[in-house]
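For reference, the structure is listed below as structure tokens.
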Amino acid sequence: MRIPTASGSRGRGSAAVALTAVLALTATACGDDGSGSGDEGSGKGEITLWDNNTGERREIWAQIIKDFEAQNPDIKVKYVGLPIDQVQAKYDTAIDGGGLPDVGGVGTAYLSNLVVRDVLDRVDQRIEAGPLKGKLVPAMVDSVKAAGGREGMYSVPTSTNNGTLWYRTDLFSAAGLEPPTTWSKFYAAAEKLTDAGKNEFGYTIRGGAGSIAPAMDAMYGQSGITSFWDGDKTTVNDPRNVAALEKYVALYKKVTPSADVNNDFIKMVAQWDNGSIGMLTHNLASYQDHVKALGNEKFKGLPYPAQEDGTRVQVSNPVDGLGLFKNSKNKAAGWKFIEFAASHKSNSAWNASAGSIPANTDAAGDAWIKDAVPTATAMKALSDGSTKLVNLPYYLPDWNTISKSGNEPNFQKVLLGDMTPKAFADKIAKELNDAQAEWKEQNKS
């Protein structure tokens with residue numbers, strides 16, 4: 001195992017080592033753009049792994065690599081850590097200048113860019129022929145396939161997050177309220193728990209950075225629409241979604257703090273942890289923050305509310321995974337490592353460290369999952385078919401701009417009453433329809 005040492009897993013030293021390693025790889029490369037066919041190789045020797053979040057995952061990857069090399073003494077894994085905010089740029093640089101790894105961490109947010117540049121091997125046939133067959137959460141598999149933007153599967157899912165409705169059990173109990181398992185219970189609780197004069201609110205809404213995804217969750221969750229596209233047109237501005245958005249944004253300042261209009265997730269989570277607010281929608285990543293602030297007895301987390309008939313619809317969260325790069329000269333060894341990393345034991349340990357939902361279904365019964373009840377509930381919802389996922393179009397090059405900087409200021413206008421929900425949804429829909437048409441034109445072949 002070759003893993004660079006650093007004084008701290010989140011320190012500047014890690015980033016410096018990672019950058020040095022990547023620059024060295026690029027500088028010594030022969031200029032291959034990564035689209036060559038590569039070779040299966042002998043299944044022995046050295047392979048290179050790029051970790052797409054070294055600041056958080058270095059230590060757990062060190063353990064997985066150690067375990068893998070103990071079982072496969074004829075394979076050595078060279079670890080290269082990439083800071084999460086530099087991953088896409090590093091892949092682009094390596095494609096243009098050469099030096100791609102054998103195996104790399106690949107998230108659905110940038111998967112399509114690697115697929116369209118033809119640097120990843122398809123992995124669905126390999127999965128079907130090996131021990132991972134039938135062992136991956138179907139919803140994650142579907143998300144990875146959709147994010148690739150073309151037929152086939154180009155990454156092995158390893159983890160995902162999930163939108164979660166966190167609620168204060170102590171406040172609900174004192175008010176005689178049932179858990180907010182449906183949208184009608186959610187709205188009723190938000191109103192009953194609000195006493196603005198006492199600075200008590202039923203809900204905190206995300207109005208700052210990152211506001212579009214939870215707004216879409218509220219739209220599709222209430223409307224019950226299960227597809228992002230109707231032919232070549234998006235369903236974002238379907239009248240049912242517009243009506244759902246109108247109901248959702250009407251919560252602002254009625255049952256939420258007025259400061260919510262500027263809140264990103266950090267401010268929103270801190271406000272919920274330290275105040276008297278009944279409910280918060282955020283993903284599982286904030287679980288430990290809630291435990292530190294409230295203990296285990298004052299809150300619980302549920303998947304987003306269901307409709308009255310029990311149907312639950314959520315928009316997809318990004319799925320992390322591992323890709324096998326096409327120009328690898330030792331794909332057999334690289335694939336053996338991917339299978340090991342995505343196996344029950346390794347995948348469970350990786351996600352326990354990350355606080356995420358494992359892709360390997362065998363991990364569902366592990367002790368840490370049972371102890372982390374919100375994670376267990378989310379994994380069950382994604383695995384048992386009770387949740388319908390609306391796969392967001394991560395494959396569109398313009399998706400990040402449209403869903404973030406391009407429209408977050410407009411969502412604030414909606415909250416403040418300076419823009420109608422319909423105008424907001426229509427603007428996003430037009431941009432998405434144009435982006436979809438452009439993408440299809442460029443990918444006719």
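Source: prediction; values computed, not measured. Residue indices begin at 1 and follow the sequence shown.
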Please confirm whether the ring centroid of Tyr395 lies under 6.0 Å from the ring centroid of Trp439. yes
If only atom types and distance count, is the side chain of Asn330 paired as donor or acceptor with the main-chain N or O of Lys44 below 3.5 Å? yes
Looking at Lys427, I want to see if its NZ is surrounded by more than 12 non-hydrogen atoms of other residues, nucleotides or ligands under 6.0 Å. yes
Are Asn241 and Asp238 linked by a side-chain donor-acceptor pair shorter than 3.5 Å? no
Please check if the side chain of Trp229 supplies one atom and the backbone of Thr235 the other of a donor-acceptor pair under 3.5 Å. no
Check this for me: does any side-chain nitrogen of one of Asp366 and Lys370 sit under 4.0 Å from a carboxylate oxygen of the other? no
Can you confirm whether Pro179 sits close enough to Lys300 that some side-chain heavy atom of one is under 4.5 Å from a side-chain heavy atom of the other? no
Return yes if a side-chain donor-acceptor contact under 3.5 Å exists between Asp102 and Asn327, otherwise no. no
Quick one: are the ring centres of Tyr110 and Tyr394 less than 6.0 Å apart? no
Counting the benzene-type ring for Trp, do Phe325 and Tyr91 have ring centres under 6.0 Å apart? yes
Side chain to side chain donor-acceptor pair (under 3.5 Å), that's the test. Do Asn162 and Asn317 meet it? Break it down for me. CA-CA 6 Å; Asn162 198 59; Asn317 274 260; 4.6 Å; no
Ring geometry between Trp166 and Tyr287 (parallel below 30°, tilted from 30 to 60°, perpendicular above 60°): parallel
So that I know where these two stand, are Trp272 and His282 an aromatic pair - ring centroids less than 6.0 Å apart? no
Polar side-chain atom of Ser403 near backbone of Trp399 as donor-acceptor pair, under 3.5 Å: yes
For atom CG of Asp230, decide whether the heavy atoms of other residues, nucleotides or ligands shown that lie under 6.0 angstrom number more than 12. no
Can you tell if the side chain of Tyr248 reaches within under 4.5 Å of the side chain of Tyr203, non-hydrogen atoms only? yes
